[in-house]
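Below: one structure, written as structure tokens.
Only this structure's heavy atoms are used, side chains among them; waters, hydrogens and symmetry mates stay out.
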Amino acid sequence: QVPYQPSSPRQVANTLALLRGRAGKTVDLGSGDGRLVLEAYKQGLRPTLGFELNPWLLCLANYRAWKAGYYGKVSFLKKDLWKVNLSDCHNVIVFLAPSVKPPLATKLLAELPDDARVVSGRYPFPSWSPSSSLGQGLEQVWAYDMKQVRREAQ
């Protein structure tokens, strides 16, 4: 279990800039207080949902959705990301610890469709080369297009 750190406004903006113009189901793995999910919904990404195990953060996320007028439009689910099937997801947001990235990379490669994009905040995926990146230092986010990641893996 990794200590929760909320995304900064700049991290949120950088993440969503790398998803601008995309369509399809958008998920945030380890969605915390829901700020990335709410912003993704605001920018027109649908459906939008977050997976979070911490019950307090789930409560906070649902409260924030309600306050923003998005209650029932976005979903926050108490589900283990390792047990969720991601095969219908086209946009995946990941702000998770470096230790989680290698096993998560394996799961994403196995499940995501070719047209999916993964945006990683705080730490890049060590074995993938990003198709684009935005920001610097702690604000940096990396985008990975699954078709390109698979091509390089072969």
Side-chain angles (χ1 to χ4, degrees), residues 1-54 57-58 60-61 64-65 68 70 73-77 79-82 84 86-153:
Q1 192 73 317
V2 179
Y4 169 66
Q5 271 186 303
S7 312
S8 72
R10 174 63 26 221
Q11 286 171 327
V12 172
N14 288 347
T15 299
L16 287 150
L18 292 178
L19 292 174
R20 193 162 290 127
R22 293 186 51 82
K25 184 175 182 180
T26 302
V27 296
D28 184 2
L29 304 177
S31 53
D33 66 5
R35 64 185 68 195
L36 282 156
V37 171
L38 294 175
E39 200 52 45
Y41 182 84
K42 228 182 262 180
Q43 287 204 12
L45 290 160
R46 311 269 194 287
T48 319
L49 61 151
F51 296 112
E52 177 58 59
L53 286 175
N54 181 319
L57 290 172
L58 274 170
L60 183 55
R64 292 181 71 158
Y70 300 154
K73 296 178 179 154
V74 296
S75 305
F76 295 101
L77 306 173
K79 286 201 172 157
D80 183 336
L81 68 88
W82 303 109
V84 174
L86 301 171
S87 61
D88 62 344
C89 299
H90 297 277
N91 305 297
V92 178
I93 301 168
V94 186
F95 273 71
L96 295 169
S99 60
V100 178
K101 296 285 168 73
L104 185 59
T106 305
K107 177 178 173 62
L108 296 173
L109 273 170
E111 295 179 16
L112 289 178
D114 259 359
D115 66 350
R117 171 170 271 198
V118 176
V119 178
S120 179
R122 291 203 188 97
Y123 308 100
F125 279 88
S127 56
W128 294 358
S129 33
S131 40
S132 56
S133 171
L134 207 53
Q136 282 160 3
L138 289 175
E139 309 295 345
Q140 190 168 5
V141 294
W142 297 264
Y144 303 91
D145 294 314
M146 291 315 293
K147 195 178 275 173
Q148 182 188 323
V149 169
R150 287 191 177 106
R151 219 182 0 251
E152 288 174 5

- Message: I'd like to know if the side chain of S120 reaches the main chain of Y123, judged simply by a donor and an acceptor atom lying under 3.5 Å from each other, with no hydrogens or angles considered.
- Response: yes
- Item | Distance (rounded to the nearest 0.5 Å) between T48 OG1 and D28 CG | 10.5 Å
- In Å and rounded to the nearest 0.5 Å, what is the CG to CG distance from L77 to L58? 8.0 Å
- Shortest non-hydrogen contact between A40 and T26, atoms and distance: CB-CG2, 4.4 Å
- Query: If you take all heavy atoms of L86 and E111, which pair is closest and at what distance?
  - Reply: N-OE1, 2.8 Å
- Ionic contact status for D145 with K147, cut-off 4.0 Å: no
- Message: Tell me whether the NZ or CZ atom of K79 lies within the 45° cone about the ring axis of F51 and under 6.0 Å from its centre.
- Response: no
- Item | Test applied, side-chain contact (heavy atoms from CB on, under 4.5 Å); reference residue, L18; option that passes from N91, V119, I93 | V119
- Cationic tip of R46 within the cone over Y41's six-membered ring, i.e. under 6.0 Å and within 45° of the normal? yes
- Task: With rounding to the nearest 0.5 Å, note down the distance linking CG in L57 to CZ in R64.
- Result: 10.5 Å
- Message: Nearest 0.5 angstrom please: W128 CH2 to L109 CG, how far?
- Response: 5.0 Å
- Query: Any donor and acceptor pair, going by atom type alone, linking the side chain of E52 with main-chain N or O of G32 inside 3.5 Å?
  - Reply: yes
- Task: Apply the test side chain to side chain contact (heavy atoms under 4.5 Å, CB included) to residues Q5 and F95: give CA-CA distance (whole Å), side-chain angles for both, the deciding distance (0.1 Å), then the verdict.
- Result: CA-CA 9 Å; Q5 271 186 303; F95 273 71; over 6 Å; no
- Query: Mind checking whether P124 and Q140 have side chains closer than 4.5 Å, heavy atoms only?
  - Reply: no
- Query: Are the side chain of R22 and the backbone N or O of L45 linked by a donor-acceptor pair below 3.5 Å?
  - Reply: no
- Quick one: pull up CG in L81 and CG in L108 and give me the separation to the nearest 0.5 Å. 9.0 Å
- Query: Does S87 reach the main-chain N or O of L112 with its side chain, forming a donor-acceptor pair under 3.5 Å?
  - Reply: no
- Message: Are the side chains of L104 and W82 in contact, using a 4.5 Å heavy-atom criterion?
- Response: yes
- Of all the heavy-atom pairs spanning L36 and S7, show the shortest one and how long it is. CD1-OG, 3.6 Å
- All heavy atoms of D33 vs all of P6, minimum pair found to be OD2-CB, 4.3 Å
- Query: Do other residues, nucleotides or ligands put more than 12 heavy atoms under 6.0 Å from the CD atom of E152?
  - Reply: yes
- Query: Do any N or O atoms from the side chain of S131 and from the backbone of A143 form a donor-acceptor pair under 3.5 angstrom?
  - Reply: yes
- Item | V149 and F125: CA distance, side-chain angles, deciding distance, side chain to side chain contact (heavy atoms under 4.5 Å, CB included) verdict | CA-CA 11 Å; V149 169; F125 279 88; over 6 Å; no
- Query: Is there side-chain contact between P102 and P126, with heavy atoms separated by less than 4.5 Å?
  - Reply: yes
- Message: So which atom in G121 and which in V141 form the shortest heavy-atom distance, rounded to 0.1 Å?
- Response: CA-CG1, 3.9 Å
- Query: What is the distance from atom OG of S129 to atom OH of Y144, rounded to the nearest 0.5 Å?
  - Reply: 8.5 Å
- Query: Are the side chain of D114 and the backbone of M146 linked by a donor-acceptor contact shorter than 3.5 Å?
  - Reply: no
- Query: So, the side chain of E39 versus the backbone of A13: is there a donor-acceptor pair under 3.5 Å, distance only?
  - Reply: no
- Message: A side-chain contact here means heavy atoms from C-beta on lying under 4.5 Å apart; do V12 and L16 qualify?
- Response: yes
- Note on the structure: What one should report as the nearest heavy-atom pair of D88 and H90 is O-CD2, 3.6 Å
- Derivation and outcome, side chain to side chain contact (heavy atoms under 4.5 Å, CB included), residues L49 and K25: CA-CA 8 Å; L49 61 151; K25 184 175 182 180; 3.4 Å; yes
- Any donor-acceptor pair under 3.5 Å linking the side chain of K107 with the backbone of V84? yes
